[in-house]
Structure formats: C-alpha cells, structure tokens
Novice: 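A single structure is presented below for examination.
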Number of protein chains: 2
Amino acid sequence: MAHRHDSEPNTGTAQRPFADALARLKEVGLRPTRQRLALAKLLFDGGDQHITAEQLHGMARNASVKVSLATVYNTLHQFRDSGLLREVVIGQGRSYFDTNIHDHHHFFVEPMGQLVDIPVDSVEVGQLPTPPDGTVLDRVDVIIRVTRSA
Amino acid sequence: MAHRHDSEPNTGTAQRPFADALARLKEVGLRPTRQRLALAKLLFDGGDQHITAEQLHGMARNASVKVSLATVYNTLHQFRDSGLLREVVIGQGRSYFDTNIHDHHHFFVEPMGQLVDIPVDSVEVGQLPTPPDGTVLDRVDVIIRVTRSA
DNA sequence: ACAGTACATTAGAACGATTATAAACTGTTG
DNA sequence: CAACAGTTTATAATCGTTCTAATGTACTGT
C-alpha cells in the first residue's frame, strides 16, 4: 500500500541490488507464490525494463512459466502498489511497468512506443507552480517525445 | 498534416483569438461541413478546454447537434493533425484533446483525471539530454501528478 | 500433520475506449 | 444532371484491461 522509493543498501553486484525475488516479496509483505516468484525473477533479473502486461505474459510463456494473463495484471498492480514497480502511462492503450523505481524521466520514441530512461539529473526542472486548491503533489513526469529521423 | 504552434495575430477579444469556426477550418483546408462547424464551435468558443471524445459527443447532444461518435473521433483526429488541437494522453483509457495548442504543461488530478493547464514559464526545464540514436525531438511534456488532499 | 481460513489463481466473460467497415449521403465539378 | 471525391453514419470489430465466480494454495493454530 505504501510507496517505497528508498535507496537500497545495495549489497552484492551493482547490476542486481538485491537479487532474490523471494526477499523482495517478503520485504513488501506479498506471499511468495510460484507465480509471483517467477514473475519477479523475469522482471528484476537483468537490467531495467519497460514492459507491458502482454509482454510479460509472453516472457513467462517463453520461460515455460504457467501464469494466466489475469495474474500478470494482478501481480503487476500489486508490485506497483508495493513500490517494486512504477507504472508509466504514455501511449493510447497500453501501460508500461518500469522496473527502475528511482526518480527519472523518459524518452518516448513514437510511433513504435519504445521507452528510454533519462536519469533525473539530466533534466533540470525547477520552480514548480503550486498545485491547485485541495491537492498535494504526487510526482513529476517529464516525457520527451521523439520521432525516428533516419 | 503539418503542425501549427504559431502565436495568432489575436484580433478581437483575448478570449477568442479568432472566433470564426469557419475561418479555422478554411485555414487548415478542411471542408466546412455542418458537423465540423458545430464541433469547432463547441471546442473553440469559450476558454481552453480538455475534453474527451465522449464528452464532446455529449456536448453536441446537449446542443442538439446531430453527430455520430465516429464523426467526433474523426473530427478530433483531423483537428489534431491540423494543429488545431493537441492530444494529451495521461490516464489509462482515455485521451484528452486540449484546445490550448500553445506550449504548456499540465497538472493531472488523480484519481478523477482532471487536467489543469500550467503556463510554460511556470516550469523551468533546462538542459535536455540529447535524444537517442536516430531520433529527433518532438516535444516535451511535463505532467505534475497531484492527488486530492482534503 | 490437519483443519480452517484467508489469500491467490484461473478461464472466460464483460467492459470501455477506440478504430474499422461498408453503406448512404453531401456537395462540388464538368 | 451524372460522376466523383470527400463525409457521415450505424454497427461491428478490436484492443487492453478489469471483473466474476469457481478452484487452488499457503499460512495459522492446534
């Protein structure tokens, strides 16, 4: 339920701050089921990814992991709510889930909808206006839309 | 086809830079049909709006303008392609069409999905990173997500 | 270990926004 | 007026996502 944006102790390799899928699930209080463990492995082993539900479902199929699409959606949402993932809504239909939960921004390559991370310190956003009436700031998304030139 | 982001000569009231729906259509080379004229009036008379296709369809119904939903979609896309509107994709399902085509950003009030304009000079974005490989910059969207606090 | 219960997974249906289709219409041109 | 190019329309189809209700699995206390 609560969001977590902390910087981890970062034991082990820089590539996999804390590699153990089980440890992640424990840490956010999700029962380590077969499906969740498998999906966590697919998501968090290897570098940062921007992935859709359908894509993850496909990856699971490829890896011979039996998971229903509904469970993929459920799991992605739980991970998002636990702060393990960040949801990025950019294009028309689809949602991307970003395994990079640190503060950062995105290039969005149209029209194929590819996402590329931008470190937060590559963009200088200063002087935010005050939020309207009875609202409170959640987060700032900077999306730099680019198109293929070649 | 070509996008227009020019500042208009701004004849007449500041409220309606150039009020005539017919003039707008002529200017971008769209045939001034009954439906397009009516929709243009609904969109461009009165201040800046963020509107969905369904909402515009509803407004047309209210104004006793007979237009099908398909035509609303077609027209919104044509207006967008002509630079009369800007499409803003932010929430899960829906697309907003913004009658303010000048450079600006948005507050997005979750969870009800209300949009509020932010003048471009209220946000300071400096030092953009260079776009990836064979891509060219299209535009920069800054979305400040806020939630109801009260 | 076992029962009990709370939580998870699943297939499939349902949903909402959008897009495609194909027929009917409008307006313009020769 | 006939032909034509562009428009509009109702409807069906599609896409990603969410819901539902049945079944399965994991943790708790004993």
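Values below: every heavy atom of this structure, side chains too, minus hydrogens, waters and symmetry copies. Chain A is the first sequence line, chain B the second, and so forth, proteins listed ahead of strands; every chain is numbered from 1. Note that the coordinates shown come from a computational prediction; the quantities given were computed from them, not determined experimentally.
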Novice: Could you tell me which residues satisfy salt bridge (charged side-chain N to carboxylate O under 4.0 Å, His left out) with Asp133(B), sequence neighbours excluded, listed by chain and number?
Specialist: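 If we apply the salt bridge (charged side-chain N to carboxylate O under 4.0 Å, His left out) test to Asp133(B), skipping adjacent residues, the hits are Arg148(A).
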Novice: Where along residues 63-72 of chain B does a heavy atom come under 4.0 Å from DNA chain D, residue by residue in number order?
Specialist: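 Contacts with DNA chain D under 4.0 Å: Lys66(B), Val67(B), Ser68(B), Ala70(B), Thr71(B).
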Novice: Need two values: the first and the last nucleotide of DNA chain C, 5' to 3', having an atom under 4.0 Å from any heavy-atom of chain A.
Specialist: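 In short, chain A contacts DNA chain C from dA6(C) to dA11(C).
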Novice: Determine whether more than 12 heavy atoms belonging to other residues, nucleotides or ligands lie under 6.0 Å from atom CZ of Arg139(B).
Specialist: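 Enclosed: over 12 neighbouring heavy atoms sit under 6.0 Å from CZ of Arg139(B).
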Novice: With no hydrogens and no angle check, is any side-chain donor or acceptor of Thr75(B) less than 3.5 Å from a backbone partner on Thr71(B)?
Specialist: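 It does hold such a pair.
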Novice: Please compare Thr52(A) and Thr33(A) by the position of their nearest nucleotide in DNA chain D and report the one closer to 5'.
Specialist: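 Looking at the nearest nucleotide for each, Thr52(A) comes out on the 5' side.
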Novice: State which residues pass salt bridge (charged side-chain N to carboxylate O under 4.0 Å, His left out) with Glu110(A); sequence neighbours excluded, sorted by chain then number.
Specialist: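 Once residues adjacent in sequence are excluded, the partners of Glu110(A) under the salt bridge (charged side-chain N to carboxylate O under 4.0 Å, His left out) criterion are Arg145(A).
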Novice: Is His77(B) touching bases, backbone alone, or none of the nucleic acid, heavy atoms closer than 4.0 Å?
Specialist: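 Answer is sugar-phosphate: His77(B) comes under 4.0 Å of backbone atoms only.
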Novice: Does the pair Asp141(A)/Arg86(A) count as a salt bridge with the N-to-O cut at 4.0 Å?
Specialist: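 Counted as a salt bridge, because a side-chain N and a carboxylate O are separated by less than 4.0 Å.
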Novice: Base, sugar-phosphate, or nothing: which does Arg94(B) touch, judged by heavy atoms less than 4.0 Å apart?
Specialist: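 Arg94(B): backbone/sugar contact only, no base atoms under 4.0 Å.
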Novice: Would you grab the first and last nucleotide of DNA chain D (5' to 3') that comes under 4.0 Å of any non-hydrogen atom in chain B?
Specialist: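 Under 4.0 Å from chain B, the extent on DNA chain D is dG6(D) to dA10(D).
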Novice: Any base atoms under 4.0 Å from Arg36(B), or only sugar-phosphate, or nothing? Heavy atoms, all strands.
Specialist: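 The answer is sugar-phosphate, as Arg36(B) gets under 4.0 Å only of primed atoms, P, OP1 or OP2.
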Novice: Going by side chain to side chain donor-acceptor pair (under 3.5 Å), name the residues that satisfy it together with His105(A), two or more places apart in sequence or in a different chain.
Specialist: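 With sequence neighbours excluded, His105(A) shows a side chain to side chain donor-acceptor pair (under 3.5 Å) to no residue whatsoever.
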